[in-house]
Protein chains: 2
Amino acid sequence: MFTRPTLIRESVYDHLRDAILNGEFQPAERLGEVELTERLGVSRTPIREAIGRLTQDGLLEGTPGRGVRVRVVSAVEAQSAYVVRETLDGLAAALAASAHTDADAGALEATLSELEAASSEDYREQTRLDLAFHRRIAQAAHNLPLLDLARDLEQRIALVKHQTRIYNSHPQTAAQHRAILKAVLARDQEAARRTAALHVRTFAALVMENLGVQSV
Amino acid sequence: MFTRPTLIRESVYDHLRDAILNGEFQPAERLGEVELTERLGVSRTPIREAIGRLTQDGLLEGTPGRGVRVRVVSAVEAQSAYVVRETLDGLAAALAASAHTDADAGALEATLSELEAASSEDYREQTRLDLAFHRRIAQAAHNLPLLDLARDLEQRIALVKHQTRIYNSHPQTAAQHRAILKAVLARDQEAARRTAALHVRTFAALVMENLGVQSV
DNA sequence: AGCCTTCAGATTGTATACAATATCCAGCAA
DNA sequence: TTGCTGGATATTGTATACAATCTGAAGGCT
């Protein structure tokens with residue numbers, strides 16, 4: 001009823017983020033403001049604001065006066081991101097185990113069911129639902145700073161995933177998701193932390209393997 | 001020789017951040033762009049960019065079309081931030097224990113010595129050096145995503161600290177700093193994690209205690 | 001050749017103009 | 001009084017103009 005008009009800068013932000021994460025820009029490709037102006041049909045102002053946010057998100061990098069480019073994530077940094085995520089997701093799961101409400105439980109169950117029902121060939125849908133599941137856990141932790149940090153880290157991971165072209169789930173993924181949910185619903189903090197951390201580690205190992213890096 | 005001119009938006013960002021963290025704005029105080037324009041003598045453009053960053057940092061909050069205000073941190077959120085920091089600082093210390101270089105070790109030792117030598121009554125200097133010590137540990141972890149996340153969380157904590165008016169160090173602080181450094185230098189990951197987490201918990205307890213007798 | 005200088009074109013940083021919303025208060029009706 | 005309506009005012013969102021800086025190549029010097 002009182003829908004406020006969508007801001008141009010938000011549209012631009014979403015568009016650019018999706019474009020980066022879908023590989024429509026090459027890693028290290030330079031993004032000129034004027035070029036984007038012509039491409040998107042809006043003025044430089046909202047583009048600059050979107051670029052600013054994306055830079056803080058870690059998806060772009062730039063030096064003042066010299067524009068921005070798509071950030072290149074090194075193998076070392078990818079590894080670093082997963083190390084942090086292992087701990088952070090573990091914390092989120094542990095907190096969710098202790099703090100989740102009935103509504104959280106229902107949402108978690110619903111999201112995971114959807115994920116399990118998704119076609120195993122629809123990579124995009126799987127990624128979307130996997131993301132949603134992890135976000136739901138972070139929400140169920142009822143810890144705002146954690147939620148914000150997790151979202152930030154997720155963006156970086158998304159960039160890693162794209163640049164390393166790891167699209168498929170690990171075979172154990174489904175079972176691990178179930179294990180996490182079970183531990184959370186049972187309010188078993190330590191089990192939740194353990195299973196969530198293991199899940200990240202499993203996936204990280206897959207990514208690292210593809211990168212030709214031996215995991216620590 | 002190759003000093004690039006300081007950007008106005010950076011100056012504005014630094015100025016506003018310091019002002020917020022020094023209490024020159026009341027919590028929930030509205031920041032009008034035009035007002036800041038007159039106050040700082042620059043145009044709206046760099047002010048808007050600085051405000052955007054501060055909003056993403058969690059120091060300001062705003063709804064589109066309605067400007068921004070200094071974010072009010074509730075007691076619950078303060079507690080939440082410390083819970084996350086406990087884990088994150090623990091991880092940073094553990095990683096630092098395993099990854100620090102000789103240069104890191106020197107810098108850590110130097111910073112802590114400075115902190116110990118600082119006058120116990122100069123709250124500002126103590127805060128600055130305490131911050132520097134914690135940041136050095138995060139740097140010694142050699143994990144860029146972690147460093148970024150820690151910085152983000154630190155900003156929020158700084159806001160909490162200001163709004164709860166906790167300025168003094170806990171008596172055990174000095175000993176705990178030494179214990180952290182010792183564990184890091186000994187490359188004892190678990191001890192580093194434990195001591196760092198304990199340090200955060202000690203301080204968090206102090207903050208929470210003060211929140212119990214004070215309405216924010 | 002190799003390196004520096006210089007300058008034109010392109011690009012970003014900042015200021016300002018204009019458009020779209022939101023805020024607030026006077027006035028009125030129930 | 002309380003609540004609504006309308007419109008003047010103020011504020012934010014976007015576009016554009018202008019200034020400062022960077023880039024890159026042509027031309028001169030050693």
Side-chain angles (χ1 to χ4, degrees), chain A residues 1-20 24-72 159, chain B residues 1-20 24-72 159:
Chain A
M1 193 181 203
F2 285 113
T3 73
R4 91 180 96 262
T6 58
L7 300 177
I8 295 182
R9 67 177 181 228
E10 295 298 327
S11 310
V12 173
Y13 174 82
D14 291 343
H15 181 89
L16 288 180
R17 192 199 53 209
D18 291 349
I20 294 169
E24 290 171 34
F25 298 111
Q26 292 306 312
E29 179 175 344
R30 195 163 170 293
L31 299 192
E33 295 175 5
V34 178
E35 181 200 337
L36 292 173
T37 280
E38 293 157 3
R39 222 169 118 157
L40 303 181
V42 301
S43 82
R44 278 177 60 212
T45 305
I47 287 180
R48 283 176 63 83
E49 300 194 347
I51 284 180
R53 273 183 66 189
L54 291 165
T55 302
Q56 238 188 326
D57 286 346
L59 264 49
L60 299 177
E61 68 181 345
T63 43
R66 267 171 247 186
V68 297
R69 55 182 59 211
V70 177
R71 223 161 91 69
V72 178
L159 189 60
Chain B
M1 192 182 199
F2 284 114
T3 75
R4 96 182 90 256
T6 59
L7 301 178
I8 294 182
R9 65 178 182 228
E10 295 297 327
S11 310
V12 172
Y13 175 82
D14 290 343
H15 180 89
L16 288 181
R17 193 199 51 209
D18 291 351
I20 293 168
E24 290 172 36
F25 298 110
Q26 293 305 312
E29 179 175 343
R30 194 164 171 291
L31 299 191
E33 295 175 5
V34 177
E35 181 200 336
L36 292 173
T37 280
E38 291 157 5
R39 223 167 117 157
L40 303 181
V42 302
S43 82
R44 278 177 58 210
T45 305
I47 286 179
R48 283 177 63 84
E49 299 194 348
I51 283 179
R53 272 183 68 190
L54 290 166
T55 301
Q56 239 188 325
D57 286 347
L59 264 49
L60 299 177
E61 69 181 344
T63 43
R66 266 171 248 183
V68 296
R69 54 182 58 213
V70 177
R71 223 161 91 68
V72 177
L159 189 60

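Each chain gets a letter, A, B and so on, in the order its sequence line appears, and its residues count up from 1.
Interatomic distance, Asp14(A) CG to Arg9(A) CZ, rounded to the nearest 0.5 Å: 12.0 Å. Note that NE2 of His15(B) is 9.5 Å distant from CD1 of Ile47(B), once rounded to the nearest 0.5 Å. Annotation: the span from Arg53(B) atom CZ to Ile51(B) atom CD1 amounts to 13.0 Å, rounded to 0.5 Å.
Sequence order on DNA chain D of the closest nucleotides to Glu10(A) and Gly65(A) puts Glu10(A) first from the 5' end.
Residue-level contact check: Arg9(A) touches the backbone only, with heavy atoms under 4.0 Å from sugar-phosphate atoms and none from bases.
Using a 4.5 Å heavy-atom threshold, the side chains of Leu60(B) and Leu16(B) count as separate.
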- Message: Between Arg71(B) and Ile20(B), does the side chain to side chain contact (heavy atoms under 4.5 Å, CB included) criterion hold? Intermediate values first, please.
- Response: CA-CA 10 Å; Arg71(B) 223 161 91 68; Ile20(B) 293 168; over 6 Å; no
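Evaluation of the side chain to side chain contact (heavy atoms under 4.5 Å, CB included) rule for Glu29(B) yields Phe25(B), Gln26(B) as partners, not counting sequence neighbours.
Salt bridge present: Arg48(B) and Glu49(A) bring a charged side-chain N and a carboxylate O closer than 4.0 Å.
Among Arg39(B), Arg44(B), Arg66(B), the one residue that satisfies the salt bridge (Lys or Arg N to Asp or Glu O under 4.0 Å) test with Glu33(B) is Arg44(B).
Following rounding to the nearest Å, Glu49(A) (CD) and dT12(D) (P) show an atom-to-atom distance of 13 Å. Ile47(B) places its CD1 atom 11 Å from the P atom of dT14(C), with the value rounded to the nearest Å. Following rounding to the nearest Å, Leu7(B) (CG) and dT14(C) (C1') show an atom-to-atom distance of 10 Å.
The listed nucleotides are dC22(D), dG13(C), dG13(D); the one nearest the side chain of Arg66(A) is dC22(D).
Near DNA chain D, defined here as any heavy-atom distance below 4.0 Å, there are no residues from residues 27-38 of chain A.
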Which protein N or O atoms sit under 3.5 Å from an N or O of nucleotides 15-18 of chain C?
| residue | atom | partner | partner atom | Å |
| --- | --- | --- | --- | --- |
| dA15(C) | OP2 | Ser43(B) | N | 2.9 |
| dA15(C) | OP2 | Ser43(B) | OG | 2.8 |
| dA15(C) | O5' | Ser43(B) | OG | 3.3 |
| dA15(C) | N7 | Thr45(B) | OG1 | 2.6 |

